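On a predicted model such as this, the values are computed, not experimentally measured, just so you know.
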Amino acid sequence: CDTAIRSPDECLVKSGSVFIAFVHAESWHLFAVTLLGMWALVPLFTGALTSKDPNGCVTFPPHDMVSGQWVSDEWLESVGPIEAAQLDSESVPIAAQHVSTAVLAAEPQPFSTAQPRLIALDSSVADSLGINSSWLESNVTAIDVFSDRARFCGTTAFYHNYGGHQFGTWAGQLGDGRAVSLGIRQSTKTGGDASREPPLEVAIKGGGRTPFSRRGDGRAVLQSNCREFLASRALFALGVPTTRALCVVATDIEFDGLMRDVEYQGHAERVAAGTLTRVSPSFVRFGSVQIVARRQGPEGLARLARATLRQIHRMEVTGDPATAGWSFRSRADVQSVCFFTPATPSCAAQADSLTDAQVLKCLLSRVSVRTAALIAAWMAVGFAHGVMNTDNLSLLGITIDLNVFGFINEYDLTFAPNLIDEESRYAFGRQKEIGWWNLLRVRDAITGMPFVNDYTENKATWNFGWDRPFLNKSVGNAAIENYNATFETCYHARMRLRLGLQTRYDCAITERKAAWLVRAWLRWLLVAFPDYHYTSRALGDVLSLYYPMDLGVDYSSDVDMLLDTARHKSMKARRWARNLLRVLHTVVHRTAPPSCLRLAARSERIACTVTKWQRSIRVIVPKRVLRTAQTKIITEQTAVHGRSEFVTAAFAAISRPFDFDSKHGRGVKSPLLYTTDLPPLPRTGPMNAISTWVGKALSAVPDRDTNRMKTSCGGQ
């Protein structure tokens with residue numbers, strides 16, 4: 001009995017992978033009988049589905065519960081030598097190890113968490129890994145792995161090492177301070193989309209200290225993990241490239257709680273801990289390039305560039321699953337760049353045959369394009385990342401590190417969701433600018449330029465003495481000059497989609513007409529400051545479009561509807577709203593689809609055109625949004641009160657955020673007008689009552705008091 005955890009009369013006994021709570025030491029004889037009985041039952045509960053080999057690792061069952069495999073560690077092999085990551089005798093690294101010759105460090109040991117239990121699971125992610133979700137849900141030993149208590153056999157676990165500019169200042173080596181990658185897994189399903197998916201890196205967040213933890217505990221707060229689990233699903237449902245979350249595992253707060261000062265008020269409190277399992281083609285970052293440039297020079301940069309470009313090439317061939325199956329009316333090149341659909345091979349396809357200079361130029365070019373397209377997607381859906389340091393941006397053009405994100409409520413470009421971002425460096429409206437600033441820092445690293453705001457001892461000498469030259473600066477500048485143009489193209493493409501002008505329900509529309517409407521829409525948003533999500537959907541319910549413009553149209557009622565949630569309802573705001581509706585009226589009526597043009601009566605043609613356009617709005621503009629205030633309530637119910645059904649209900653709601661299925665245009669129309677007040681929180685009741693409440697909560701426009709709610713890093 002491990003009495004170090006609690007006291008002699010309250011301890012935990014580990015029997016295989018089963019923990020038995022034991023209270024009252026004087027009842028030792030009853031405990032002994034119970035222990036022997038449980039020991040005998042362990043094979044029945046775990047051995048039939050999962051077993052441990054003589055080395056103690058967890059093996060998968062050899063049947064159809066698993067249809068994937070751990071693949072050769074090409075990524076590990078391609079980035080050069082791997083240093084051994086050693087913890088001290090207490091497994092508590094006081095200072096991070098200086099990893100000088102590799103992007104990655106290996107081999108971590110499992111961490112002992114107390115009484116892990118599964119809180120939430122994304123079965124679609126399990127399927128992409130070739131893991132049967134019902135097997136994972138019912139198997140205790142599998143949960144041990146995803147709580148970082150054990151390892152799967154046949155894997156090479158590792159940490160990522162990277163540096164970063166944090167809030168504009170070079171912070172040096174950072175690395176995975178509370179994450180460990182279990183390995184790289186490939187689904188082996190035959191046929192269908194699964195066989196085309198690239199291998200996925202599987203990583204656990206919150207499993208304990210790492211060589212890069214410095215003075216942190218390496219753990220993660222359960223409520224924050226639930227929030228990130230929901231965020232990854234929300235972005236995926238909205239067609240935004242992102243890491244995916246497989247599952248959330250909680251540990252017992254009494255035996256395994258964490259002390260956190262959530263609001264940085266000097267008052268730490270005990271909170272529940274947990275782990276989050278995330279998957280991605282890779283978790284390589286802008287900061288990975290920076291640390292390799294400093295530690296390995298041009299040769300290491302070329303190795304990293306080739307490894308990253310192989311990943312990008314796979315993603316270009318398969319496309320991003322977030323937009324798989326969407327129908328577009330845009331040019332093929334716009335689809336592949338802006339919506340990450342399968343593309344013709346780029347320079348990434350020749351990564352192994354390019355010279356070092358060519359491969360570095362190719363990396364800069366592909367990162368520039370994919371980052372611009374990603375940030376354009378964020379801006380279109382109203383997403384603010386919150387902490388766009390170079391160590392928090394992916395080289396692959398996918399969203400990572402969903403710690404302090406926020407979806408905007410009012411269309412306010414100054415909104416910054418991070419509590420500690422006092423200067424609003426990472427405000428919603430500055431994301432394009434910050435993306436470019438970060439891209440310049442990658443260019444600096446690849447071209448051997450001095451780092452901006454670098455106060456380290458070797459700031460002026462790190463780029464001297466290498467056997468090979470860095471990339472020429474002018475070549476590096478030319479490689480990233482497409483950033484701004486790509487952003488503008490992709491942002492307008494995404495906005496046209498939200499305005500109903502680019503889906504399968506509409507005909508082709510000229511660039512001039514589309515740009516006309518997008519400009520009118522953005523101008524009005526900046527004048528009125530309405531709720532972005534509510535008003536975007538309200539466009540799909542305007543009645544004035546059903547009348548011919550030449551007969552004279554009264555826009556008053558539609559103007560009132562658009563101004564329902566606006567901060568400013570002045571005459572100027574009303575005038576701009578009326579102008580917006582006139583532009584919308586003109587564009588929609590002049591772009592009738594062929595199926596509507598075949599109708600005889602003019603009124604029928606108009607009704608057909610407007611109905612199809614309204615449907616195209618509702619399949620792309622969400623009704624249910626993961627707003628900060630409502631998400632806080634939902635995750636508190638799970639993490640603080642133990643009601644995991646709230647996160648389950650929220651996951652289901654944001655998985656289908658529209659009235660109509662975004663891929664097939666089918667579904668049941670739901671009421672458009674949102675409530676501005678949350679319904680009463682169900683204290684008890686069946687799952688359907690909780691699902692109903694959560695659905696309404698995520699559809700509600702928050703009140704003024706919570707409209708600009710932020711999230712604190714202290715609660716992570």
Side-chain angles (χ1 to χ4, degrees), residues 1-14 19-24 90-94 110-120 143-144 146-149 177-180 204-210 213-231 245 247-277 402-404 418-420 628-629 631-647 650 681 683 709-716:
C1 182
D2 185 0
T3 58
I5 298 178
R6 292 284 291 172
S7 58
D9 62 341
E10 277 184 298
C11 56
L12 296 175
V13 176
K14 185 175 181 181
F19 273 99
I20 306 170
F22 170 48
V23 183
H24 301 304
E90 299 289 332
S91 294
V92 180
I94 299 303
F111 181 81
S112 180
T113 52
Q115 298 178 319
R117 65 189 187 281
L118 186 66
I119 293 294
I143 302 303
D144 277 354
F146 296 116
S147 62
D148 206 26
R149 284 158 48 93
R178 55 175 177 170
V180 55
I204 294 178
K205 173 184 175 181
R209 294 180 186 272
T210 80
S213 293
R214 298 182 292 279
R215 294 188 179 275
D217 59 15
R219 307 298 304 283
V221 175
L222 176 59
Q223 184 173 354
S224 175
N225 284 347
C226 291
R227 193 171 182 272
E228 184 168 349
F229 177 80
L230 294 176
C247 62
V248 178
V249 175
T251 60
D252 187 86
I253 186 172
E254 183 178 0
F255 295 102
D256 202 26
L258 305 176
M259 299 303 294
R260 292 289 189 268
D261 182 4
V262 177
E263 302 293 337
Y264 296 110
Q265 298 296 318
H267 303 291
E269 58 183 8
R270 194 175 186 84
V271 295
T275 59
L276 175 72
T277 301
L402 293 160
N403 298 320
V404 288
N418 190 346
L419 183 67
I420 67 171
T628 301
T631 304
K632 182 179 180 181
I633 296 172
I634 290 167
T635 54
E636 275 183 352
Q637 287 297 308
T638 294
V640 178
H641 303 290
R643 305 176 72 184
S644 60
E645 57 269 24
F646 274 82
V647 164
L681 184 70
R683 300 300 177 184
M709 181 178 287
K710 299 175 181 285
T711 302
S712 171
C713 294
Q716 305 300 309

Heavy atoms only: give me the nearest [X]-[Y] pair and the separation to one decimal.
X: T251; Y: R117; result: O-NH1, 3.7 Å
X: I420; Y: C713; result: CD1-SG, 4.0 Å
X: G266; Y: D261; result: N-OD2, 2.7 Å
X: A273; Y: D256; result: CB-O, 3.5 Å
X: L258; Y: A220; result: CD1-O, 3.6 Å
X: S213; Y: G177; result: OG-O, 2.5 Å

Member of V248, N403, T635 meeting the side-chain contact (heavy atoms from CB on, under 4.5 Å) criterion with E228: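 Passing option: N403.
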Separation between [atom1] of [X] and [atom2] of [Y], rounded to the nearest 0.5 Å:
X: F229; Y: T277; atom1: CZ; atom2: OG1; value: 10.0 Å
X: K632; Y: M709; atom1: NZ; atom2: CE; value: 5.0 Å
X: R215; Y: R209; atom1: CZ; atom2: CZ; value: 9.5 Å
X: E636; Y: F646; atom1: CD; atom2: CZ; value: 11.5 Å
X: N225; Y: Q716; atom1: CG; atom2: CD; value: 8.5 Å

Side-chain touch [X]/[Y], heavy atoms, less than 4.5 angstrom:
X: I119; Y: T638; result: yes
X: R178; Y: K205; result: yes
X: L222; Y: C226; result: yes
X: L681; Y: Q637; result: yes
X: V647; Y: Q223; result: no
X: P116; Y: R149; result: yes
X: T711; Y: N418; result: no

Short side-chain to backbone donor-acceptor contact, S147 and D144, under 3.5 Å: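 Checked: pair present.
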Side chain R270, main chain I253, donor-acceptor under 3.5 Å: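 Yes.
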Test side chain to side chain donor-acceptor pair (under 3.5 Å) applied to T631 - qualifying residues, sequence neighbours left out: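 T631 satisfies side chain to side chain donor-acceptor pair (under 3.5 Å) with no residue once adjacent residues are dropped.
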Donor-acceptor pair between T275 and R219 side chains, under 3.5 angstrom: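 No, no side-chain donor-acceptor pair sits under 3.5 Å.
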Those residues that, when tested against L419, pass side-chain contact (heavy atoms from CB on, under 4.5 Å) (two or more places apart):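 L419: side-chain contact (heavy atoms from CB on, under 4.5 Å) contacts with E263, K710, S712.
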Test side-chain contact (heavy atoms from CB on, under 4.5 Å) applied to D252 - qualifying residues, sequence neighbours left out: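 Scan of D252 (side-chain contact (heavy atoms from CB on, under 4.5 Å), adjacent residues dropped) gives Q115, E254, F255.
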NE2 (H267) with more than 12 external heavy atoms under 6.0 Å: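 Atom NE2 in H267 is not crowded, with 12 or fewer foreign heavy atoms closer than 6.0 Å.
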